[in-house]
A.B. asks: 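Have a look at this one.
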Amino acid sequence: MEYKIYRNKTSFIDDGNEIAGVTFPERSPGVYDINHTWVDESQQGKGLAGRLVQMAIGEINSRGGEITASCSYAQHFIEKNGIRPYVICHMVTSIDGKVTGDFLSSEIGLKAAEEYYEINRKLKGDAFACGRVTMESSFTGGFKPDLSKYEGTKLACEDYVAMKHSYYAVSFDRHGSVGWTDSKIHDDDPGYDDCHIIEVLSKDVSDAYLAYLQSIGVSYIFAGENDIDIRTALNKLYSLFGIKKLMLEGGSIINGAFERADVIDELSLVTAAVIADKDDKPLFYNSIGADWKLFYSESLNNAAMWSRYRK
């Protein structure tokens, strides 16, 4: 049994037979209509239709297309679940599946990282996403702003869209503590430079921090009370900012949260030819487990292997 993605159709195949399918023809350049959903009578009620509609949405978003739905089931699915970006978890790992540690600064690890950044520029999402720890270590150096001038500020708990942009840096920062100094990231790597910053927050964040973000032009959205609801966040990133393809490039914790929410559509792993230390962090923290299928692999200068997977 397997799910298949074609140019204008997603299917569920069992023993060589198509058991369910969703079609999405391109009605005009870049505009796709999810126009038909069907499931064999013997397999109805097992969630196949919803899975295939979500796959169709993901495939259209991965192409940067516009989505319409003339199929009543697809319309109901979108009304209930919203539309989220196509999510690619793009990471450098060791052979034993670690994503942090000294192996990244080894000779082979550095070569693998160079390949990783080159691939990142090729895949090019509308945004990349990381957790607080990665954002601080990679872009802010742990800077903490002085919020004293904003104490006593009262702001409504509403999403704040400072600007629309062509490329975004999405910071999953539950309690609001990343010390940005500008509304955009400035980096030597064109894969990250000039990204407008979006903070994804829970409602457990101070008004002073929100006022600070507004003062420097950083956008923010709310996605949960005390913790972040990943699906809510993704739906808002699509509806408010038009993000169709998101590169997930976080550490174990944020990657694990996405994995448990079952919102990762593709794994893009650059595996360095090294073994990591036993205390280094895995690709997913507290994962729930799932089957994936390899659809592409490539050897990278004897330093790494690039592998791409879908469910």
Side-chain angles (χ1 to χ4, degrees), residues 62 64 85-142 165-172 178 180 182 184-197 243 245-256 258-259 264-285 292 294-310:
S62 74
Y86 184 81
V87 176
I88 303 175
C89 182
H90 181 53
M91 299 293 297
V92 177
T93 76
S94 62
I95 290 174
D96 51 335
K98 303 297 180 65
V99 294
T100 61
D102 291 341
F103 79 89
L104 290 170
S105 57
S106 68
E107 181 179 354
I108 289 179
L110 290 172
K111 289 181 179 179
E114 290 177 5
E115 298 286 357
Y116 166 86
Y117 289 120
E118 182 63 31
I119 292 168
N120 182 61
R121 290 188 284 270
K122 290 178 182 177
L123 294 178
K124 187 63 175 178
D126 302 309
F128 77 92
C130 297
R132 174 186 62 81
V133 173
T134 302
M135 287 300 193
E136 288 181 336
S137 62
S138 298
F139 301 110
T140 72
H165 199 49
S166 60
Y167 194 34
Y168 298 94
V170 183
S171 171
F172 281 78
V178 178
W180 301 107
D182 195 353
K184 296 180 181 179
I185 285 178
H186 303 286
D187 194 84
D188 292 336
D189 189 327
Y192 300 98
D193 187 47
D194 197 43
C195 297
H196 175 61
I197 298 160
I243 296 173
K245 183 161 69 171
L246 178 73
M247 305 295 290
L248 174 62
E249 304 175 23
S252 293
I253 293 176
I254 189 66
N255 290 351
F258 271 67
E259 195 269 346
I264 299 175
D265 300 290
E266 181 180 329
L267 296 175
S268 170
L269 305 181
V270 177
T271 305
V274 294
I275 302 295
D277 185 81
K278 63 181 178 62
D279 294 324
D280 292 338
K281 304 301 183 184
L283 177 59
F284 299 114
Y285 171 76
W292 292 79
L294 177 71
F295 73 90
Y296 179 84
S297 65
E298 178 184 349
S299 178
L300 304 173
N301 297 326
N302 297 319
M305 177 68 73
W306 180 26
S307 304
R308 300 177 71 180
Y309 303 85
R310 290 194 183 110

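Owing to the predicted nature of the structure, the values given are computational and were not obtained by experimental measurement. Scope of the values below: all heavy atoms of this structure, side chains included, with no hydrogens, waters or symmetry mates.
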A.B. asks: Heavy atoms only: give me the nearest Ile243-Asp126 pair and the separation to one decimal.
C.D. replies: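 Minimum heavy-atom contact is C-OD2, 3.9 Å.
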A.B. asks: Would you find a donor on one side and an acceptor on the other, under 3.5 Å apart, between the side chain of Tyr285 and the backbone of Pro282?
C.D. replies: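 No; zero donor-acceptor contacts below 3.5 Å.
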A.B. asks: First locate atom CG of Leu283, then atom OG1 of Thr93, and finally report the distance between them rounded to the nearest 0.5 Å.
C.D. replies: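 Interatomic distance, Leu283 CG to Thr93 OG1, rounded to 0.5 Å: 7.0 Å.
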A.B. asks: Taking all non-hydrogen atoms of both residues into account, name the closest pair between Pro190 and Arg121 and its distance.
C.D. replies: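 For Pro190 and Arg121, the tightest heavy-atom pair comes out as CG-CD, 3.9 Å.
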A.B. asks: Does the cation-pi check pass for Arg310 over Phe295, that is, NZ or CZ under 6.0 Å from the six-membered ring centre and within 45° of its axis?
C.D. replies: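 Positive - Arg310 is close enough to the ring of Phe295 and near enough to its axis.
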A.B. asks: With rounding to the nearest 0.5 angstrom, report the CD1 to OG distance, Ile108 to Ser94.
C.D. replies: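 So the CD1 of Ile108 and the OG of Ser94 are separated by 12.0 Å.
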A.B. asks: Could you check Ile95 against Val274 for side chain to side chain contact (heavy atoms under 4.5 Å, CB included), going step by step and ending with a plain yes or no?
C.D. replies: CA-CA 6 Å; Ile95 290 174; Val274 294; 6.0 Å; no
A.B. asks: Side chains of Tyr309 and Glu266: is there a donor and an acceptor less than 3.5 Å apart?
C.D. replies: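 The criterion, which ignores hydrogens and geometry beyond distance, is not satisfied for Glu266 and Tyr309.
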A.B. asks: Would a distance-only check, ignoring hydrogens and angles, find a side-chain to backbone donor-acceptor pair under 3.5 Å from Thr134 to Cys130?
C.D. replies: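 Between the backbone of Cys130 and the side chain of Thr134 there is no qualifying donor-acceptor contact (under 3.5 Å).
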A.B. asks: Give a yes or no on whether Ile253 atom CD1 has more than 12 heavy-atom contacts from other residues, nucleotides or ligands under 6.0 Å away.
C.D. replies: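 Count not over threshold, so no.
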A.B. asks: Distance from Ile197 atom CD1 to Ser171 atom OG, nearest 0.5 Å?
C.D. replies: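 Atom-to-atom, Ile197:CD1 and Ser171:OG are 8.0 Å apart.
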A.B. asks: Which pairs with one or both residues in residues 106-132 pass ring pair (Phe, Tyr, Trp, His ring centres under 6.0 Å), sequence neighbours excluded?
C.D. replies: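 Found His90-Tyr116, Phe128-Phe139, Phe128-Tyr192.
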A.B. asks: Walk me through it: do Lys111 and Glu114 pass the test salt bridge (charged side-chain N to carboxylate O under 4.0 Å, His left out)?
C.D. replies: CA-CA 5 Å; Lys111 289 181 179 179; Glu114 290 177 5; over 6 Å; no
A.B. asks: Kindly give the heavy-atom pair with the smallest separation between Met135 and Val170, and that separation in Å.
C.D. replies: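 Shortest heavy-atom contact: CE-O, 3.3 Å.
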A.B. asks: From Glu298 CD over to Glu115 CD, what is the distance, rounded to the nearest 0.5 angstrom?
C.D. replies: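 If we round to the nearest 0.5 Å, Glu298:CD and Glu115:CD are 8.0 Å apart.
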A.B. asks: Under the side-chain contact (heavy atoms from CB on, under 4.5 Å) rule, collect the residues that match up with Asp182, sequence neighbours excluded.
C.D. replies: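 If we apply the side-chain contact (heavy atoms from CB on, under 4.5 Å) test to Asp182, skipping adjacent residues, the hits are His186.
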A.B. asks: Calculate, to the nearest 0.5 Å, the distance between atoms CG and CG belonging to Leu104 and Asp280 respectively.
C.D. replies: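 Rounded to the nearest 0.5 Å, the CG-CG separation comes out at 8.0 Å.
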A.B. asks: Which heavy atom in Ala272 sits nearest to a heavy atom in Gly109, and how many Å separate them?
C.D. replies: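 Smallest interatomic distance, heavy atoms only, reads CB-CA, 4.5 Å.
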A.B. asks: Within the side chain of Ser297, is there an N or O that forms a donor-acceptor pair under 3.5 Å with the backbone of Ser307?
C.D. replies: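 Checking the backbone N and O of Ser307 against the side chain of Ser297, no donor-acceptor pair under 3.5 Å is found.
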A.B. asks: Could you walk me through whether Met247 and Asn120 pass the side chain to side chain contact (heavy atoms under 4.5 Å, CB included) check?
C.D. replies: CA-CA 8 Å; Met247 305 295 290; Asn120 182 61; 4.0 Å; yes
A.B. asks: Give the C-alpha distance, both sets of side-chain angles, the deciding distance and a yes or no for side chain to side chain contact (heavy atoms under 4.5 Å, CB included) between Ser268 and Leu123.
C.D. replies: CA-CA 10 Å; Ser268 170; Leu123 294 178; 3.8 Å; yes
A.B. asks: Restricting to non-hydrogen atoms, name the atom on Phe284 and the atom on Gly256 that form the minimum distance, rounded to 0.1 Å.
C.D. replies: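 Scanning both residues completely, I find the closest heavy atoms to be CD2-N, 3.9 Å.
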A.B. asks: Which residues pass the ring pair (Phe, Tyr, Trp, His ring centres under 6.0 Å) test with Tyr296, sequence neighbours left out?
C.D. replies: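 Only Trp306 meet the ring pair (Phe, Tyr, Trp, His ring centres under 6.0 Å) criterion with Tyr296.
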A.B. asks: Can you confirm if the NZ or CZ of Lys124 lies within 45° of the ring axis of Tyr167 and under 6.0 Å from the centre of its six-membered ring?
C.D. replies: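 Positive - Lys124 is close enough to the ring of Tyr167 and near enough to its axis.
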A.B. asks: Would Lys184 and Asp193 satisfy salt bridge (charged side-chain N to carboxylate O under 4.0 Å, His left out), going step by step from the backbone distance to the final call?
C.D. replies: CA-CA 8 Å; Lys184 296 180 181 179; Asp193 187 47; over 6 Å; no
A.B. asks: Taking the side chain as C-beta and beyond, is there a heavy-atom pair between Cys89 and Asn255 under 4.5 Å?
C.D. replies: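 Of all side-chain heavy-atom pairs linking Asn255 with Cys89, at least one is under 4.5 Å.
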A.B. asks: Any sub-3.5 Å donor-acceptor pair from Asn301's side-chain atoms to Ala303's backbone N or O?
C.D. replies: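 No: the side chain of Asn301 does not pair with the backbone of Ala303.
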A.B. asks: I need the minimum non-hydrogen distance between Ile185 and Ala169, along with the two atoms involved.
C.D. replies: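 Minimum heavy-atom contact is CD1-CB, 3.5 Å.
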A.B. asks: Within the structure provided, determine whether Ile264 and Leu248 are in side-chain contact (heavy-atom separation under 4.5 Å).
C.D. replies: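 Sidechains of Leu248 and Ile264: in contact.
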A.B. asks: Main chain of Pro85, side chain of Lys245: is a donor-acceptor contact present, judged purely on distance under 3.5 Å?
C.D. replies: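 Not at all, since once roles are kept as given, no pair shorter than 3.5 Å links the two residues.
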A.B. asks: When you look at CG of Asp102, are more than 12 heavy atoms from neighbouring residues, nucleotides or ligands closer to it than 6.0 Å?
C.D. replies: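 Count not over threshold, so no.
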A.B. asks: Please lay out, stage by stage, how Val270 and Leu300 fare under the test side chain to side chain contact (heavy atoms under 4.5 Å, CB included).
C.D. replies: CA-CA 9 Å; Val270 177; Leu300 304 173; 4.1 Å; yes
A.B. asks: Can you measure from CD1 (Ile88) to CG (Leu267) and round to the nearest 0.5 angstrom?
C.D. replies: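 If I round to the nearest 0.5 Å, the distance is 10.0 Å.
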